Amino acid sequence: MQANHNSLYTLLLIIILINSYGCSSDDNTFVNEVSLSLTSTITGIEYPINVFLPPGYNESNQEFPVLYALDGQFLHDSYAAIMEDTGTPAILVSIHQGPSGRRNIDYLYPGATTYFSFLKTELIPLIEESFKASPTNRTLVGVSNGGLMVEIALFIEHPKNQFFTNYVAVDAPFLAVDMFPILSLAAERLTLGDRLPGKLVLTSALNSGFIGPFDEDTTAFQEFVEGYNFQGLQIFRAAFNEDHVTVASPSFRYTLDLLFN
(Lines give C-alpha, C1' and ligand atoms only; values in the text may rest on other atoms or scores of the structure.)
Protein backbone atom coordinates (compact mmCIF):
# COMPACT_ATOMS: atom_id res chain seq x y z
CA MET A 1 0.00 0.00 0.00
CA GLN A 2 1.15 3.47 -0.81
CA ALA A 3 0.32 5.19 2.47
CA ASN A 4 0.25 8.93 3.12
CA HIS A 5 1.36 10.48 6.41
CA ASN A 6 -2.17 10.35 7.76
CA SER A 7 -2.63 6.63 7.12
CA LEU A 8 0.81 5.85 8.56
CA TYR A 9 -0.07 7.81 11.69
CA THR A 10 -3.38 5.98 11.90
CA LEU A 11 -1.67 2.62 11.48
CA LEU A 12 0.70 3.37 14.34
CA LEU A 13 -2.22 4.50 16.48
CA ILE A 14 -4.08 1.27 15.79
CA ILE A 15 -1.04 -0.81 16.71
CA ILE A 16 -0.74 1.08 19.99
CA LEU A 17 -4.45 0.72 20.75
CA ILE A 18 -4.56 -3.03 20.12
CA ASN A 19 -0.97 -3.92 20.88
CA SER A 20 -2.16 -7.10 22.58
CA TYR A 21 -4.96 -7.48 20.05
CA GLY A 22 -7.80 -6.53 22.30
CA CYS A 23 -6.42 -6.63 25.81
CA SER A 24 -7.01 -3.64 28.07
CA SER A 25 -3.93 -2.83 30.14
CA ASP A 26 -5.87 -1.86 33.28
CA ASP A 27 -8.03 -4.97 33.85
CA ASN A 28 -6.84 -7.38 31.16
CA THR A 29 -10.36 -7.61 29.71
CA PHE A 30 -11.08 -7.82 26.02
CA VAL A 31 -11.56 -4.51 24.20
CA ASN A 32 -13.75 -5.18 21.18
CA GLU A 33 -14.02 -1.65 19.77
CA VAL A 34 -11.37 0.47 18.07
CA SER A 35 -12.06 3.95 16.67
CA LEU A 36 -9.82 5.67 14.15
CA SER A 37 -9.96 7.98 11.15
CA LEU A 38 -8.41 7.92 7.70
CA THR A 39 -8.01 10.84 5.32
CA SER A 40 -8.14 9.67 1.73
CA THR A 41 -5.67 11.04 -0.79
CA ILE A 42 -8.18 9.97 -3.46
CA THR A 43 -11.33 11.74 -2.25
CA GLY A 44 -9.65 14.29 0.03
CA ILE A 45 -12.13 13.40 2.79
CA GLU A 46 -11.46 12.30 6.38
CA TYR A 47 -13.54 9.24 7.27
CA PRO A 48 -14.10 8.25 10.91
CA ILE A 49 -14.10 4.45 11.26
CA ASN A 50 -15.27 2.05 13.96
CA VAL A 51 -13.89 -1.48 14.14
CA PHE A 52 -15.71 -4.20 16.08
CA LEU A 53 -13.66 -7.29 16.94
CA PRO A 54 -15.41 -10.63 17.56
CA PRO A 55 -15.17 -12.85 20.65
CA GLY A 56 -12.12 -15.08 20.47
CA TYR A 57 -10.19 -12.55 18.42
CA ASN A 58 -7.48 -12.17 21.04
CA GLU A 59 -6.72 -15.88 21.29
CA SER A 60 -7.10 -16.82 17.64
CA ASN A 61 -4.34 -17.13 15.08
CA GLN A 62 -6.80 -17.25 12.19
CA GLU A 63 -7.87 -14.46 9.85
CA PHE A 64 -11.46 -13.32 10.26
CA PRO A 65 -13.99 -12.43 7.56
CA VAL A 66 -14.65 -8.69 7.40
CA LEU A 67 -17.89 -6.81 6.85
CA TYR A 68 -17.32 -3.30 5.50
CA ALA A 69 -20.43 -1.30 6.34
CA LEU A 70 -21.25 2.11 4.89
CA ASP A 71 -23.06 4.84 6.86
CA GLY A 72 -21.29 3.88 10.07
CA GLN A 73 -22.43 7.16 11.62
CA PHE A 74 -25.98 5.79 11.67
CA LEU A 75 -25.58 2.04 11.81
CA HIS A 76 -22.44 0.95 13.64
CA ASP A 77 -23.93 0.60 17.11
CA SER A 78 -26.89 -1.51 15.96
CA TYR A 79 -24.72 -3.66 13.69
CA ALA A 80 -22.14 -4.27 16.44
CA ALA A 81 -24.90 -5.17 18.91
CA ILE A 82 -26.31 -7.72 16.45
CA MET A 83 -22.87 -9.24 15.87
CA GLU A 84 -22.29 -9.47 19.60
CA ASP A 85 -25.72 -11.00 20.16
CA THR A 86 -25.20 -13.61 17.45
CA GLY A 87 -21.55 -14.29 18.26
CA THR A 88 -20.64 -13.83 14.60
CA PRO A 89 -16.96 -14.76 14.04
CA ALA A 90 -16.18 -11.74 11.87
CA ILE A 91 -14.77 -8.22 12.05
CA LEU A 92 -17.05 -5.25 11.43
CA VAL A 93 -15.54 -2.13 9.87
CA SER A 94 -18.06 0.72 9.87
CA ILE A 95 -17.12 3.68 7.68
CA HIS A 96 -18.75 7.01 8.48
CA GLN A 97 -19.76 9.29 5.62
CA GLY A 98 -17.40 12.04 6.76
CA PRO A 99 -18.82 15.56 6.35
CA SER A 100 -22.61 15.85 6.38
CA GLY A 101 -24.12 14.99 3.01
CA ARG A 102 -20.96 13.35 1.68
CA ARG A 103 -22.88 10.09 1.21
CA ASN A 104 -24.73 11.78 -1.65
CA ILE A 105 -21.40 12.07 -3.47
CA ASP A 106 -19.48 8.94 -2.50
CA TYR A 107 -22.40 6.52 -2.81
CA LEU A 108 -23.81 7.74 -6.12
CA TYR A 109 -22.38 7.66 -9.65
CA PRO A 110 -19.81 8.91 -10.62
CA GLY A 111 -18.46 9.53 -7.11
CA ALA A 112 -18.99 5.88 -6.19
CA THR A 113 -16.24 4.80 -8.60
CA THR A 114 -13.76 7.11 -6.85
CA TYR A 115 -14.97 5.96 -3.44
CA PHE A 116 -14.48 2.34 -4.51
CA SER A 117 -10.85 3.17 -5.29
CA PHE A 118 -10.52 4.59 -1.77
CA LEU A 119 -11.88 1.37 -0.32
CA LYS A 120 -9.65 -1.01 -2.25
CA THR A 121 -6.38 0.96 -2.33
CA GLU A 122 -6.42 2.81 1.01
CA LEU A 123 -8.90 1.49 3.57
CA ILE A 124 -8.84 -2.25 2.97
CA PRO A 125 -5.01 -2.50 2.87
CA LEU A 126 -4.85 -0.52 6.12
CA ILE A 127 -7.37 -2.81 7.82
CA GLU A 128 -5.58 -5.93 6.62
CA GLU A 129 -2.21 -4.65 7.81
CA SER A 130 -3.61 -3.75 11.22
CA PHE A 131 -6.03 -6.55 12.08
CA LYS A 132 -6.41 -10.29 11.57
CA ALA A 133 -8.56 -9.60 8.53
CA SER A 134 -9.07 -12.11 5.73
CA PRO A 135 -8.19 -10.88 2.23
CA THR A 136 -10.41 -13.58 0.71
CA ASN A 137 -13.67 -13.06 2.61
CA ARG A 138 -14.84 -9.45 2.40
CA THR A 139 -18.45 -8.25 2.48
CA LEU A 140 -19.68 -4.79 1.45
CA VAL A 141 -22.91 -3.61 3.13
CA GLY A 142 -24.89 -0.51 2.19
CA VAL A 143 -28.34 0.89 2.96
CA SER A 144 -30.36 3.28 0.78
CA ASN A 145 -27.80 5.33 -1.21
CA GLY A 146 -25.20 3.07 0.35
CA GLY A 147 -27.05 0.18 -1.27
CA LEU A 148 -26.68 1.91 -4.62
CA MET A 149 -22.94 2.14 -3.98
CA VAL A 150 -22.89 -1.63 -3.37
CA GLU A 151 -24.77 -2.21 -6.63
CA ILE A 152 -22.26 -0.06 -8.50
CA ALA A 153 -19.34 -1.84 -6.80
CA LEU A 154 -20.69 -5.16 -8.05
CA PHE A 155 -20.08 -4.07 -11.63
CA ILE A 156 -16.82 -2.14 -11.30
CA GLU A 157 -15.05 -5.12 -9.76
CA HIS A 158 -12.46 -6.54 -12.14
CA PRO A 159 -12.82 -10.31 -12.64
CA LYS A 160 -9.08 -10.86 -12.22
CA ASN A 161 -8.90 -8.85 -8.99
CA GLN A 162 -12.28 -9.10 -7.27
CA PHE A 163 -12.12 -7.45 -3.85
CA PHE A 164 -15.45 -8.46 -2.34
CA THR A 165 -16.98 -11.88 -1.93
CA ASN A 166 -20.41 -10.70 -0.80
CA TYR A 167 -22.49 -7.63 -1.69
CA VAL A 168 -25.41 -6.52 0.49
CA ALA A 169 -27.75 -3.78 -0.78
CA VAL A 170 -30.58 -2.78 1.55
CA ASP A 171 -33.65 -0.88 0.27
CA ALA A 172 -31.66 0.85 -2.47
CA PRO A 173 -33.59 3.38 -4.61
CA PHE A 174 -32.54 1.87 -7.95
CA LEU A 175 -35.47 3.29 -9.93
CA ALA A 176 -35.25 6.71 -8.30
CA VAL A 177 -31.86 7.61 -9.82
CA ASP A 178 -30.45 7.78 -13.32
CA MET A 179 -30.05 4.09 -14.04
CA PHE A 180 -28.15 4.49 -17.30
CA PRO A 181 -24.66 4.61 -15.69
CA ILE A 182 -25.37 1.40 -13.75
CA LEU A 183 -26.71 -0.28 -16.88
CA SER A 184 -23.59 0.79 -18.75
CA LEU A 185 -21.28 -0.47 -16.00
CA ALA A 186 -23.01 -3.86 -16.04
CA ALA A 187 -22.69 -4.15 -19.83
CA GLU A 188 -19.02 -3.14 -19.64
CA ARG A 189 -18.40 -5.66 -16.87
CA LEU A 190 -19.88 -8.43 -19.01
CA THR A 191 -17.36 -7.70 -21.77
CA LEU A 192 -14.61 -8.69 -19.31
CA GLY A 193 -16.21 -12.08 -18.71
CA ASP A 194 -19.43 -13.59 -17.38
CA ARG A 195 -17.85 -15.00 -14.20
CA LEU A 196 -18.85 -13.05 -11.09
CA PRO A 197 -18.49 -15.40 -8.13
CA GLY A 198 -20.03 -14.37 -4.83
CA LYS A 199 -23.28 -13.68 -3.05
CA LEU A 200 -25.57 -10.73 -3.74
CA VAL A 201 -28.00 -10.07 -0.90
CA LEU A 202 -30.92 -7.79 -1.75
CA THR A 203 -33.36 -6.74 0.96
CA SER A 204 -36.12 -4.17 1.09
CA ALA A 205 -38.73 -2.54 3.32
CA LEU A 206 -42.45 -3.07 2.80
CA ASN A 207 -43.89 -0.30 4.95
CA SER A 208 -44.20 3.35 4.02
CA GLY A 209 -42.25 5.99 5.90
CA PHE A 210 -41.02 9.50 5.27
CA ILE A 211 -39.09 8.00 2.34
CA GLY A 212 -39.56 4.80 0.39
CA PRO A 213 -39.97 1.91 0.69
CA PHE A 214 -37.97 0.69 -2.30
CA ASP A 215 -39.27 -2.86 -2.61
CA GLU A 216 -40.11 -2.43 -6.30
CA ASP A 217 -36.69 -0.89 -6.93
CA THR A 218 -35.01 -3.88 -5.30
CA THR A 219 -37.01 -6.34 -7.36
CA ALA A 220 -36.19 -4.37 -10.53
CA PHE A 221 -32.47 -4.54 -9.74
CA GLN A 222 -32.71 -8.26 -9.03
CA GLU A 223 -34.37 -8.88 -12.41
CA PHE A 224 -31.81 -6.64 -14.10
CA VAL A 225 -28.87 -8.60 -12.67
CA GLU A 226 -30.51 -11.95 -13.39
CA GLY A 227 -30.89 -10.88 -17.02
CA TYR A 228 -27.10 -10.83 -17.39
CA ASN A 229 -26.78 -14.43 -16.14
CA PHE A 230 -23.44 -13.87 -14.43
CA GLN A 231 -21.87 -17.23 -13.63
CA GLY A 232 -21.13 -17.99 -9.98
CA LEU A 233 -23.29 -15.16 -8.61
CA GLN A 234 -25.85 -16.31 -6.05
CA ILE A 235 -28.71 -13.88 -5.42
CA PHE A 236 -30.66 -13.86 -2.15
CA ARG A 237 -33.80 -11.77 -1.74
CA ALA A 238 -35.76 -10.82 1.39
CA ALA A 239 -38.32 -8.18 2.35
CA PHE A 240 -39.32 -7.06 5.84
CA ASN A 241 -42.34 -5.40 7.44
CA GLU A 242 -40.24 -2.36 8.28
CA ASP A 243 -39.88 1.11 6.84
CA HIS A 244 -36.86 2.57 5.08
CA VAL A 245 -35.30 3.73 8.35
CA THR A 246 -35.79 0.55 10.38
CA VAL A 247 -35.07 -2.11 7.73
CA ALA A 248 -31.28 -2.04 8.21
CA SER A 249 -31.17 -4.11 11.42
CA PRO A 250 -33.31 -7.09 10.31
CA SER A 251 -31.51 -7.03 6.96
CA PHE A 252 -28.13 -7.18 8.69
CA ARG A 253 -29.28 -10.03 10.95
CA TYR A 254 -30.58 -11.89 7.88
CA THR A 255 -27.23 -11.36 6.16
CA LEU A 256 -25.23 -12.69 9.09
CA ASP A 257 -27.43 -15.79 9.28
CA LEU A 258 -27.05 -16.32 5.54
CA LEU A 259 -23.28 -15.90 5.45
CA PHE A 260 -22.22 -17.53 8.72
CA ASN A 261 -24.86 -20.13 9.65
Side-chain angles (χ1 to χ4, degrees), residues 43 47 65-76 79 90 92-97 102-120 123-124 127 137-158 162-179 181-186 188-189 196-205 212-215 217-226 228 230 232-240 244 247-256 258-259:
T43 67
Y47 300 99
V66 185
L67 296 106
Y68 292 90
L70 308 180
D71 277 327
Q73 72 280 0
F74 301 133
L75 299 169
H76 174 73
Y79 283 178
L92 171 66
V93 177
S94 299
I95 311 138
H96 295 224
Q97 69 169 330
R102 182 69 193 184
R103 63 194 304 279
N104 296 323
I105 298 173
D106 286 339
Y107 300 168
L108 304 179
Y109 188 87
T113 59
T114 304
Y115 186 76
F116 186 78
S117 295
F118 154 69
L119 292 178
K120 73 177 185 178
L123 176 62
I124 290 175
I127 294 298
N137 195 336
R138 309 181 185 117
T139 299
L140 183 62
V141 184
V143 179
S144 190
N145 283 358
L148 287 174
M149 194 278 148
V150 172
E151 293 173 356
I152 291 169
L154 179 70
F155 298 129
I156 58 178
E157 289 267 38
H158 196 284
Q162 188 171 320
F163 263 72
F164 292 99
T165 308
N166 310 299
Y167 308 82
V168 184
V170 178
D171 214 38
F174 177 62
L175 299 177
V177 298
D178 180 7
M179 295 179 293
I182 301 179
L183 303 180
S184 299
L185 289 171
E188 184 178 343
R189 171 60 179 81
L196 210 171
K199 293 182 173 69
L200 172 62
V201 183
L202 300 172
T203 70
S204 58
F214 297 105
D215 183 63
D217 300 60
T218 303
T219 297
F221 183 74
Q222 177 185 1
E223 293 173 349
F224 165 65
V225 176
E226 288 174 340
Y228 278 90
F230 284 107
L233 183 65
Q234 298 175 278
I235 302 176
F236 300 86
R237 178 76 167 91
F240 300 93
H244 186 69
V247 73
S249 289
S251 295
F252 191 71
R253 191 177 288 271
Y254 168 79
T255 296
L256 295 183
L258 183 68
L259 298 182

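A quick note: this is a predicted structure, and the numbers were derived from the prediction, not measured. Values below: all heavy atoms of this structure, side chains included; hydrogens, waters and symmetry mates excluded.
The CZ atom of R237 sits 5.0 Å away from the CG atom of D215 when rounded to the nearest 0.5 Å. From K199, atom NZ reaches atom CD1 of I235 across 13.0 Å, with rounding to the nearest 0.5 Å. Taken to the nearest 0.5 Å, the CE atom of M149 stands 11.0 Å off from the CG atom of L154. In this structure, OG1 in T165 is found 9.5 Å from CG in L259, a value given to the nearest 0.5 Å. For the atom pair E157 CD and K120 NZ, the distance stands at 7.5 Å (nearest 0.5 Å).
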Kindly determine whether M179 and F224 satisfy side chain to side chain contact (heavy atoms under 4.5 Å, CB included), including the steps that lead there.
CA-CA 11 Å; M179 295 179 293; F224 165 65; over 6 Å; no
Show, in sequence, the C-alpha distance, side-chain angles and deciding distance for Y107 and Y115, and conclude whether the ring pair (Phe, Tyr, Trp, His ring centres under 6.0 Å) test is met.
CA-CA 7 Å; Y107 300 168; Y115 186 76; 5.7 Å; yes
Apply side chain to side chain contact (heavy atoms under 4.5 Å, CB included) to I152 and F116, showing your working.
CA-CA 9 Å; I152 291 169; F116 186 78; over 6 Å; no
Taking it one step at a time, do Y47 and H96 satisfy side chain to side chain contact (heavy atoms under 4.5 Å, CB included)?
CA-CA 6 Å; Y47 300 99; H96 295 224; 5.8 Å; no
Could you walk me through whether Y68 and I127 pass the side chain to side chain contact (heavy atoms under 4.5 Å, CB included) check?
CA-CA 10 Å; Y68 292 90; I127 294 298; 3.6 Å; yes
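Residues T203 and S251 come closest through the heavy atom pair OG1-OG, 2.7 Å. The nearest pair of heavy atoms linking P213 to D171 is CA-OD2, 4.0 Å. Heavy-atom minimum distance, G72 versus S94: CA-CB, 3.9 Å. The minimum heavy-atom distance between L175 and A220, with the atom names listed, is CD2-CB, 3.9 Å. Contact record, D217 with A176: OD2-N, 3.5 Å, taken as the closest heavy-atom pair. Shortest non-hydrogen contact noted between F230 and A186 is CZ-O, 4.1 Å.
Q73 pairs in a side-chain contact (heavy atoms from CB on, under 4.5 Å) with only one of the listed residues (L70, D71, L75), which is D71.
The number of heavy-atom neighbours closer than 6.0 Å to CD of Q162, taken from other residues, nucleotides and ligands shown, is above 12.
Contact annotation: the side chain of F174 approaches that of I182 to within less than 4.5 Å [non-hydrogen atoms, C-beta and beyond]. Between L256 and L67, some side-chain heavy-atom pair lies under the 4.5 Å cut-off. Annotation: side chain of L119 is in contact with side chain of I95 (closest heavy-atom distance under 4.5 Å). By the 4.5 Å heavy-atom criterion applied to side chains, D106 and T114 are not counted as neighbours. Contact check for L148 versus P173: side-chain heavy atoms found under the 4.5 Å cut-off. At a threshold of 4.5 Å between non-hydrogen side-chain atoms, the residues N145 and L108 count as touching. Side-chain contact between F240 and V170: absent, with no pair of heavy atoms (C-beta onward) separated by less than 4.5 Å. Residues R102 and I105 have side chains in contact (heavy-atom distance under 4.5 Å, counting atoms from C-beta outward).
Between the side chain of T113 and the backbone N or O of Y109, no donor-acceptor pair lies under 3.5 Å. Side chain of R103 to main chain of Q97: no donor-acceptor pair is present (N/O by atom type, distance under 3.5 Å, no hydrogens or angles).
In this structure, the ring of Y254 has its center no less than 6.0 angstrom from the ring center of F236.
Under the side-chain contact (heavy atoms from CB on, under 4.5 Å) criterion, V150 pairs with L140, Y167, A169, sequence neighbours left out.
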